[in-house]
Every structure is written in structure tokens, then in C-alpha cells.
Student: 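Let me begin by handing over the structure; questions about it come next.
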Number of protein chains: 2
Amino acid sequence: MPPSRSLTARERARAELTSEIKAQARIQLAEHGAGGLSLRAIARELGMVSSAIYRYFPSRDDLLTALIIDACTDLGDAVEQAGKAHRKPRLRWRACCTAAREWALEHRQEYALIYGSPVPGYAAPQDTVAPAARVPLVLLDALRGAHHDGQLTPAFAGPALSLTLKAQVEAVAEATGTDLPADAVTRAILAWTQLFGMISFELFGQLVGSVDPSKPFFDHCVESMADFVGLPA
Amino acid sequence: MPPSRSLTARERARAELTSEIKAQARIQLAEHGAGGLSLRAIARELGMVSSAIYRYFPSRDDLLTALIIDACTDLGDAVEQAGKAHRKPRLRWRACCTAAREWALEHRQEYALIYGSPVPGYAAPQDTVAPAARVPLVLLDALRGAHHDGQLTPAFAGPALSLTLKAQVEAVAEATGTDLPADAVTRAILAWTQLFGMISFELFGQLVGSVDPSKPFFDHCVESMADFVGLPA
DNA sequence: GCAAAGTGTGAGCACTGCTCTCGTTGTGGA
DNA sequence: TCCACAACGAGAGCAGTGCTCACACTTTGC
């Protein structure tokens, strides 16, 4: 009975098996995609009976949800870490975008889990919203750096914000604790959708007939959008 | 034995049943999503035995592929028709973008089929590429209209195209038979990825914490991107 | 008129998610 | 130290799936 020092044997075993299941699930995910993920196959591979899995995950969808959350955190870590490596806002922006794409290329099925179509009757709305929000936060942070240096100068004025949009965006700014003007936040969200639109198109094969391989196009867009949001060269 | 005038009774029956199957499939698709599409359930609903379906579609994936192609054509029709309703390039651009979003909102599961994660070990690459290319073609066409009037003036210069990208984009221009400069085509592709990135984010629930409901944001982005590609007001 | 092709039937295989019961085993309190 | 209890794994079983096959029956084209 370890009072504070650690977990009981059973708890350790549980934690270990839980992550073993998830690891095996990730393997199957990479091989057969989200649709081909089978609890029975995982159990078989782990040398246990299928019903035992249900001691750890109440249902297949719960396993999927756990994988989604893990994937979000993993992607968030990758992007955050890439951002931290640079101080100059534009370099930071570049690094974040590139890191997102590279993570996606290395974890195709997990990316599809997060940004593809919601697989079941989509199970996981709330638990995944916080970890999924990390990437746009990092992008906003790059903008904030430039803004504080007085160097955030959008490439062109652009249309004025409607009242509803302005209110929404100001709520976002408040929630994320940023002091960027509504206009800049809006541009950042636009760039965010562009970034993941581009990555999704590349991964899901929508660009095959046109700009494929897509790295040159991707790099160009990252620069274009950096100009668009107003990051100094 | 109708020599030229029409199809034989069997052929008519076949065509009819084929589309009945697809219709029932679309119903199930809208209700349970792509993962929940069941051949047996379709057969049951149509009052036939499940194995009979295989006379019409060799496999579940083939049915899915047929649905994807139908969805692409449907979306393409909607966007093209919306485009045709306007002569002024910017209005045309607006109409196309809005039509794409509205179609997506009205056909969520079918949209997910086309632009979501490739469901199986993705089955359908070649047959779907032509119909899927129609939307970007319509967008390019709006640009072409402005270009011919000498009114296509991008909002800012933007980064220069790398050699590889330039070559790729010129190949796209040639393949689509447009005389737009490489720079304009690149901007159009960027806008295309932004458009569908935004729609996907809205449909797949990525915008819930931020700009939701998304119409104001969508409209703003459409205008922003119209400025970006250089469409005159 | 008749062989051939097309079509619906029903049984069956291998697989899935999930539930339930039944022994076993580790846990924490008395 | 013992013991009740919770957690756990095993195995059978249910309902559902995609898909195949041999079998009848009907339409087609020569």
C-alpha cells in the first residue's frame, strides 16, 4: 500500500496495458485506416481475448476518441516545439506550418482521424476541442510577436469586418488572451483554414492532377499567407 | 428486339434498380454516414436478398465509388450553374463559392465522401479525378473573365514562384486550356484550398469554439480571397 | 426453339462489436 | 492475518456485416 510514492501493481499493469492497446491500435490504424481498426484484431495481436479489451475501452469509439486526443496532443507538441525554435515571427510562422505538414505526412491516418470526416456519428466533440486548438494558438502567437514589435503590416487592406464577425473574432481574441486587433485575428483564422485545407488536399489526393508533388506549392502558400497576415520579411 | 430506338426491358430494369440502390444508399449515407453504409440494409429496404446487390455493384467499395462520382457531378453542376448566373467576375466568384458551401451543408455526408478522409484503402483515384476537377475549373474561369478585360490586379505582389512550382502551374494552365499567367493560377489554387479548407472545418466541427456560426466568416473570406486573386470590385 | 447470358434465392463462411457469466486474482480495511 | 470486494481474463454467444457459391428461373439473341 504505497501511500504517495506510486501506483499499485494493478494500476501500473492497467496503465501499461492501456498504452499497449493504443500502440497496437496505432499500428493497425496506419495499416488499414480508421475503418479497418478492429478490437478483436488488437486483442489477437496482444494475445488476449477480445472481451478483455472492454475492461480498458468501453467501446470501439472510445478507443478512437483516445487515439484522436493523443494525435491532437502529438501534433500540438510538434508544432509548438517547432515554433519555439525561432524568435523572428516569420521564421516562426514558417516553422509551424512546415511542422504541421510534416507531422501530417508522417501520421497520415492519425491526421485523417483529426481533420478527416468524423468517422462514426461523430463521438468526440468536447474532449478534443482543447488539444485541437493548440495549432491555431501557436500561429496567433507568431502574429503577436510581430504585432508587439509594431511590425504587423498586412499586405493589403481587405474587406471590412461585418459586425457579427467582428464580435465573434473579438470573443476569440478574448478567449485566447491575445491583444491582436480583430482584423489580424480574422486573417490568422483564414490562414489557418488555408493551411489545413492545403494539407488535407495533399494527403487526401485532391492535388494529384495539379501541383503534385506539393512541397513547392506548400512553401509558396506559406509565404503568401505570411504576407497576407502581415508578417515582416 | 428494339434495333436502335431504346433499351431492352432487362436493361431498363437494370438501370432502374441500379439507381434505386444508389438512392437508398444515399438515404442510409445521410443517416449513418459512410461507415454505416450496409449492403444488407439496402437490400432489406429494397425487399431483395443481399446477394442480389452484387449483380449491380461488385463490392461495397464500388457502390461507394459510384456515390462519390455522383456527388462530384452533383457538386460540379451546382457550382457551374451558380457561376453561369453572373457575368461580372467577382459576382461569379462569390456565387461559386457560396454554392459550394451551400451544397456541402445540404449534402454533408456526400461532401465528407469527396473531401473527407479516403474511407477504405482509398478505392477511387482515377474515376473521380475528372468530375472533382470541375469546381476549380469554374473558379479559374471567373479569373479568366477578369483577365480578358484587363482587370485582374492582385492585391499585392506576393512571393515569386519557384521554378518547380512555375513549371507545375504552367502545366495546369495548359491542361485546363487557360491563358492566365502562372501567378494568377497559383493564387487561384491557393484560394481553392482555402475555400474547401474552410468548408471542411465548418462541416467537420473544427470551428465550433471560434467563428461559429460560420457564414459571416465565410463571406468575409470569399471577399478577401477575391481581393487576393485580384478580382475587381 | 434453344443455348447462353442475366438475374434473384438462400445457405454458408469468416469476420465484426458487444454482452454476459464464470472462475481467478489482486486490493484495502478490519 | 484474514476476508469481502472490486477488477480482471476467459469463453460462449448474439446480431450484424461483406462476400461467395450452387441453384433455379427468365430474358435475350441467334
Side-chain angles (χ1 to χ4, degrees), chain A residues 1-22 24-25 27-29 31-67 119-124, chain B residues 1-22 24-25 27-29 31-67 119-124:
Chain A
M1 53 189 82
S4 70
R5 115 165 154 280
S6 178
L7 308 90
T8 156
R10 193 171 250 172
E11 283 169 333
R12 279 198 309 108
R14 182 177 182 83
E16 197 165 322
L17 235 178
T18 305
S19 70
E20 259 182 62
I21 292 174
K22 287 201 286 189
Q24 185 59 41
I27 294 177
Q28 302 228 349
L29 189 67
E31 278 177 8
H32 313 107
L37 208 166
S38 149
L39 291 190
R40 292 183 111 109
I42 294 172
R44 214 177 298 130
E45 211 70 25
L46 260 50
M48 62 203 303
V49 133
S50 73
S51 58
I53 300 275
Y54 290 84
R55 301 284 182 194
Y56 299 85
F57 296 95
S59 82
R60 185 180 177 277
D61 283 4
D62 289 272
L63 214 199
L64 246 335
T65 307
L67 291 179
V119 201
Y122 57 64
Chain B
M1 54 188 84
S4 70
R5 112 163 155 282
S6 178
L7 309 90
T8 154
R10 192 172 254 173
E11 283 169 332
R12 277 197 311 108
R14 180 175 184 85
E16 196 165 321
L17 235 179
T18 304
S19 70
E20 260 181 62
I21 292 174
K22 288 201 284 188
Q24 185 59 42
I27 294 177
Q28 303 229 348
L29 190 67
E31 278 177 10
H32 312 108
L37 208 166
S38 150
L39 290 190
R40 291 183 112 111
I42 295 172
R44 213 177 299 131
E45 211 69 25
L46 260 50
M48 64 204 301
V49 133
S50 73
S51 57
I53 300 275
Y54 290 85
R55 301 285 182 196
Y56 297 85
F57 297 94
S59 83
R60 184 179 177 276
D61 283 4
D62 289 273
L63 212 200
L64 246 336
T65 307
L67 291 179
V119 202
Y122 57 65

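Lettering follows sequence order; numbering is per chain, from 1. Predicted model, so just to flag it, every value in this text is computed and none were measured.
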Student: Side-chain polar contacts of residues 33-44 of chain B - donor-acceptor pairs under 3.5 angstrom, sequence neighbours left out - could you list them?
Tutor:
residue, atom, partner, partner atom, Å
B:Ser38, OG, B:Arg40, N, 3.3
B:Ser38, OG, B:Ala41, N, 2.9

Student: Rounding to a whole Å, what distance do you find between A:Asp62:CG and C:dT19:P?
Tutor: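 Interatomic distance, CG of A:Asp62 to P of C:dT19: 11 Å.
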Student: Ignoring hydrogens and angles, answer whether the base of D:dG11 and the side-chain atoms of A:Ser51 contain a donor-acceptor pair closer than 3.5 Å.
Tutor: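 Side chain to base: pair present.
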Student: Residues in side chain to side chain donor-acceptor pair (under 3.5 Å) with A:Ser59, at least two apart?
Tutor: A:Asp62
Student: Starting at atom CD of B:Glu20, determine the distance to atom P of C:dG8, rounded to an integer number of angstrom.
Tutor: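 In whole Å, C:dG8 P lies 11 Å from B:Glu20 CD.
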Student: Would you please name every residue forming a side-chain contact (heavy atoms from CB on, under 4.5 Å) with B:Arg14, sequence neighbours left out?
Tutor: B:Thr18, B:Tyr56
Student: Can you find a heavy atom in the side chain of B:Leu17 that is under 4.5 Å from one in the side chain of B:Met48?
Tutor: yes
Student: Starting from C1' on C:dC18, measure out to CG on A:Asp61 and report it in whole angstrom.
Tutor: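 One finds 12 Å between C1' of C:dC18 and CG of A:Asp61, rounded.
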Student: Set out, line by line, the N/O atom pairs under 3.5 Å between protein and nucleotides 3-6 of chain C.
Tutor:
residue, atom, partner, partner atom, Å
C:dG6, O4', B:Arg10, NH1, 3.2
C:dG6, N3, B:Arg10, NH2, 3.4

Student: Heavy-atom nearest nucleotide on DNA chain D for A:Ile53 versus A:Ser50: which residue maps closer to 5'?
Tutor: A:Ile53
Student: Taking five pairs at each end, how big is the angle between the two axes of the helix from C:dG1-D:dC30 to C:dA30-D:dT1, to 10°?
Tutor: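 End axes: 10° apart.
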Student: What is the distance from CZ of B:Arg60 to C1' of C:dT16, rounded to the nearest Å?
Tutor: 12 Å
Student: Rounded to whole angstroms, how far apart are CD on A:Gln28 and C1' on C:dT16?
Tutor: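 For the pair A:Gln28 CD and C:dT16 C1', the rounded distance is 13 Å.
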Student: Whole angstroms only, please: what is the CG-P distance between B:Leu64 and D:dC19?
Tutor: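 In whole Å, D:dC19 P and B:Leu64 CG are 10 Å from each other.
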Student: Just the atom pairs and distances: protein N or O near nucleotides 14-16 of chain D's N or O, under 3.5 Å.
Tutor:
none

Student: What is the distance, to the nearest angstrom, from the CZ atom on A:Arg55 to the P atom on C:dT21?
Tutor: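 For the pair A:Arg55 CZ and C:dT21 P, the rounded distance is 12 Å.
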